Participant: 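After the structure tokens below, expect a handful of questions from me.
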Amino acid sequence: MSASSNTRQKMPADIVAMKGGAPIVCLTAYTTPIAKVVDPHCDLVLVGDSVGMVLHGLPSTLGVTMEMMVMHGQAVARGLQNALMVIDMPFGSYEESPQQAFANAAILMAETGAGAVKLEGGQHMAETIAFLVARGIPVMAHIGLTPQSVNTLGGYKVQGRGEDRARLIADARAVADAGAFSVVLEKVPQGLADQITAEIAIPTVGIGAGAGCDGQVLVVDDMLGLFTEFKPKFVKRFGALGEAADQAVSDYAAEVRARSFPGPEHVFADEVKK
Ligand code: KIV
């Protein structure tokens, strides 16, 4: 049973229209089966570059390539009917110039059918966001903790505390003024996220930014309990699928070793009865 009665796939304008209303529900997805599970319940599905860490075992998102994003984007698109699909621009695919960003965003949109791209960065990415939006590419911005900048940020730290608060507010204003249709606030103190949400006209989608944002996003493998290498404070595990999978594989191994699987119902007779 679908949680949404919409008959067409959502567009960026539908997300903008949710500003200040019912919270925007967003999860990541990287594969067709998971896209099918999350689609009826989500307004927005993000093909995040977190795919590098949760599915490919990379130590950070820095090694994610355009080819990986295209492949996972195509897989997710096959599973969506309702939610807006947003695809991450990987590290190195957009920072050099607005022209580089356009060329790669166009590939991501054309080859996957995504309705928008997401890129990391505040004031310094405003020119690029405006360039993309003016050329028909809806952009979701991402400020606060921007994992692609983990090396210059000095780790996965909370952003916007103390003197850094003004920078975050300026980042939020800059991406909104540049034409982003929404902005992810990652690992930002709750009071600051509330202030930004009240000040800017576009929806804020929080991850580690409190319940006052216009919406929430989590990495799907985190909330399902499939990715268990580490658990950031902002993650709530709504399921324990990793444990369930471990139990299932353990049961399978035991039955194979005991020759109790396959059973009579799983085998084929030598002759078919007429
Ligand atoms: O890559 C990702 O999954 C993200 C979300 C955590 C917002 O950027």
Side-chain angles (χ1 to χ4, degrees), residues 15 23-31 34-35 38 42-66 68-73 75-76 83-95 105 108 112 114 116-122 125 129 139-150 153 155-160 168 171-172 175 180-188 193 196-197 202-210 213-224 226-227 229-238:
I15 303 300
I24 298 159
V25 180
C26 174
L27 283 171
T28 66
Y30 319 108
T31 63
I34 292 292
V38 303
C42 287
D43 302 300
L44 191 156
V45 169
L46 172 67
V47 187
D49 62 353
S50 49
V51 68
M53 296 174 78
V54 298
L55 286 199
H56 292 267
L58 294 172
S60 74
T61 57
L62 299 182
V64 175
T65 63
M66 282 287 292
M68 288 161 76
M69 294 310 300
V70 167
M71 188 184 72
H72 288 287
V76 170
L84 170 67
M85 173 169 145
V86 178
I87 189 162
D88 256 339
M89 299 201 70
F91 179 64
S93 72
Y94 61 96
E95 300 89 333
L108 291 174
T112 70
V117 299
K118 178 167 81 57
L119 55 81
E120 297 183 5
M125 291 312 302
I129 293 170
V139 178
M140 183 177 208
H142 182 158
I143 64 170
L145 173 63
T146 46
Q148 293 175 9
S149 302
V150 61
L153 293 175
Y156 296 96
K157 298 176 188 161
V158 174
Q159 301 292 308
L168 260 290
D171 280 344
V175 299
F181 75 89
S182 64
V183 58
V184 170
L185 305 182
E186 180 164 354
K187 228 169 168 182
V188 170
I196 290 172
T197 300
I202 59 172
T204 57
V205 177
I207 174 163
C213 294
D214 295 303
Q216 299 294 325
V217 59
L218 281 177
V219 168
V220 72
D221 292 61
D222 284 340
M223 58 83 69
L224 290 178
L226 271 170
F227 182 79
E229 302 288 305
F230 57 87
K231 187 178 97 57
K233 180 178 177 176
F234 56 73
V235 168
K236 176 173 174 179
R237 291 204 177 125
F238 289 84

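In each ligand, atom 1 is the first atom listed, and ligand 1 is the first ligand listed. These figures come from a predicted structure and were not determined experimentally.
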Participant: What pairs with S50 under side chain to side chain donor-acceptor pair (under 3.5 Å), at least two apart in sequence or on another chain?
Facilitator: Y30
Participant: Would you compute the distance between atom CE of M85 and atom CG of L44 and round it to the nearest 0.5 angstrom?
Facilitator: 11.0 Å
Participant: CG/L108 to NZ/K118 distance, rounded to the nearest 0.5 angstrom?
Facilitator: 12.0 Å
Participant: I'd like a table of the close N/O pairs between ligand 1 and the protein (anything under 3.5 Å), one pair per line with both atom names and the distance.
Facilitator:
{"unit_1": "ligand 1", "atom_1": "1 (O)", "unit_2": "D49", "atom_2": "N", "d": "3.2"}
{"unit_1": "ligand 1", "atom_1": "1 (O)", "unit_2": "D49", "atom_2": "OD1", "d": "2.9"}
{"unit_1": "ligand 1", "atom_1": "1 (O)", "unit_2": "S50", "atom_2": "N", "d": "3.0"}
{"unit_1": "ligand 1", "atom_1": "1 (O)", "unit_2": "S50", "atom_2": "OG", "d": "3.3"}
{"unit_1": "ligand 1", "atom_1": "1 (O)", "unit_2": "D88", "atom_2": "OD2", "d": "3.1"}
{"unit_1": "ligand 1", "atom_1": "3 (O)", "unit_2": "S50", "atom_2": "OG", "d": "2.5"}
{"unit_1": "ligand 1", "atom_1": "8 (O)", "unit_2": "K118", "atom_2": "NZ", "d": "2.9"}

Participant: Checking F91 against Y94 for the ring-ring contact (aromatic ring centres under 6.0 Å, His included) test, could you report, in this order, the C-alpha distance in whole Å, the side-chain angles of both residues, the deciding distance, and whether it holds?
Facilitator: CA-CA 7 Å; F91 179 64; Y94 61 96; 8.2 Å; no
Participant: CG/L185 to CG/D171 distance, rounded to the nearest 0.5 angstrom?
Facilitator: 10.5 Å
Participant: Looking at K231, I want to see if its NZ is surrounded by more than 12 non-hydrogen atoms of other residues, nucleotides or ligands under 6.0 Å.
Facilitator: yes
